[in-house]
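What's counted below: heavy atoms across the whole structure, side chains too, no hydrogens, waters or symmetry copies.
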Number of protein chains: 2
Amino acid sequence: MQLRRDDVVAGALAVLDDTGMDGLTMRKLAAHLGVQAGALYWHFPNKQALLEAMADKLVEGVDDDVVSGPWERQFTELAHRLRRALLAHRDGARVLAGTFVAEPNTLASGTLAMEILHRAGLPAREAGCIAFSVFHFILGHTIEEQAQAELAASGAWEAKRAALSEQSAQETGVRPLDAIMDVPPEERFAYGLTVFINGIRHQLTTGSGGS
Amino acid sequence: MQLRRDDVVAGALAVLDDTGMDGLTMRKLAAHLGVQAGALYWHFPNKQALLEAMADKLVEGVDDDVVSGPWERQFTELAHRLRRALLAHRDGARVLAGTFVAEPNTLASGTLAMEILHRAGLPAREAGCIAFSVFHFILGHTIEEQAQAELAASGAWEAKRAALSEQSAQETGVRPLDAIMDVPPEERFAYGLTVFINGIRHQLTTGSGGS
DNA sequence: ACCTGAACACCGTTCAAGT
DNA sequence: ACCTGAACACCGTTCAAGT
């Protein structure tokens, strides 16, 4: 009957899915767990610490069983897995972005990404920079994707989309804004990732040191 | 003596710099402006609308006077300008990421980025995808950069950094995490951007259509 | 060790009423 | 048109006291 730390994290993710990040409240979470709000502060010092535990829980398993094969394939799979992990819970990307996470799962995935690039032939420093860059790309992309989903859920998306088209109609010429709005997020993500990976390959053949 | 919309936005950015995003409160902002909290709701329907106005104010001027020259130079300058604009105010990146912004300045910069790539020879659709991708990279990178700054300001950074090193010390072999932590953010950003741009160049020479 | 009850110092938002 | 005063329904967090 007693609450364990992991129960609190799991409950918090459930409440997150119900209410979104702005609706996630220590009091609502306590109610969901059948407990008084103050009880949560025995398991976590404050809300921020709980959010960090949630963030690390989100990325759990992302680094499991990476396929063997060329680095491009490994790296691509890892990136898609991280994106899917963030999409698995409402506002997941915002939770991860909320603070600088230095928990076990987050570290393990980050390290793996760097190792893949290092084994491919990049010096540690460059591998690290690029792994971070791709991480930030995924984070930013997924934040926007989920922000758009929140907007759509609240019914405000159609109005915003219309305003956007009208605005861009006043621009001259190419209007690529319209061309992009209809591309599904998954496709936009995959394409951006491909471009990045092509850049990495260029770095490998041209860079300061072949291994 | 009367408050205009722009005064509220300017005041909000000032309070943001003082308190950070979590400390930015309608009541504190009202006090800063010498007004009661309810008065703000004559100028903005709610806090979210104010945050969007702040976000658009942040990116004001980012698209001014782009240098002429090769697309790489134009694109790089635009990216660095956006990053600097977000860094100019505490938690600026989080403010911009908070919602899907469809305000004039944001749109203008986005459109410019796409046009630069389109003129370089990319189809509108690809130009849009890539402009978004780089935008997301900048957003994610700057969010983390500022999150780290907040941590440092609260004194929690040193402890976290130590925990991070210890964790990664238990991993075997390469430990690129340590190699990366000391690279200054500006340098990490510039390197990641370069890799991305190399990927774009690859797309231009190989892609589905030369213009 | 783990939780309740109750309080403290706040929030965003609304809205009659003022000027 | 623009703002005050005062309220409503919430927050995160603390802490004695219970079991």
Measure the distance from [atom1] on [X] to [atom2] on [N] and round it to the nearest whole Å.
X       : N      : atom1 : atom2 : result
A:Met21 : D:dG12 : CE    : P     : 12 Å
A:Asp6  : C:dC2  : CG    : C1'   : 17 Å
B:Lys47 : D:dC10 : NZ    : P     : 18 Å
A:Leu33 : C:dC2  : CG    : C1'   : 14 Å
A:Met26 : C:dA7  : CE    : C1'   : 17 Å
B:Phe44 : C:dT13 : CZ    : C1'   : 16 Å
A:Leu29 : D:dG12 : CG    : P     : 10 Å
B:Asp22 : C:dC11 : CG    : P     : 12 Å

Should the pair [X]-[Y] be classified as a salt bridge under the 4.0 Å nitrogen-to-oxygen rule?
X        : Y       : answer
B:Lys57  : B:Glu60 : yes
A:Glu150 : A:Arg90 : yes
A:Glu145 : A:Arg83 : yes
A:Arg94  : A:Asp22 : yes

So which nucleotide from [options] ends up closest to the side chain of [X]?
X       : options               : result
A:Arg27 : D:dC11, D:dC3, C:dT13 : D:dC11
A:Ala39 : C:dG12, C:dC2, C:dT4  : C:dT4
A:Trp42 : C:dA1, D:dC3, D:dT13  : C:dA1
A:Gln36 : D:dT13, C:dC3, C:dG5  : C:dG5

Are any of [X]'s side-chain N or O atoms less than 4.0 Å away from OP1 or OP2 of [N]?
X       : N      : answer
B:Thr25 : C:dG12 : yes
A:His43 : C:dC3  : yes
B:Tyr41 : C:dT13 : yes

Practice prompt. Both distances under 3.5 Å, Watson-Crick or G-U wobble: report the partner of D:dT14, or none.
Written response: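 Result: C:dA6.
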
Worksheet item: Quick check, are the ring centers of A:His80 and A:Phe189 under 6.0 angstrom apart?
Response: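 Under 6.0 Å, so yes.
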
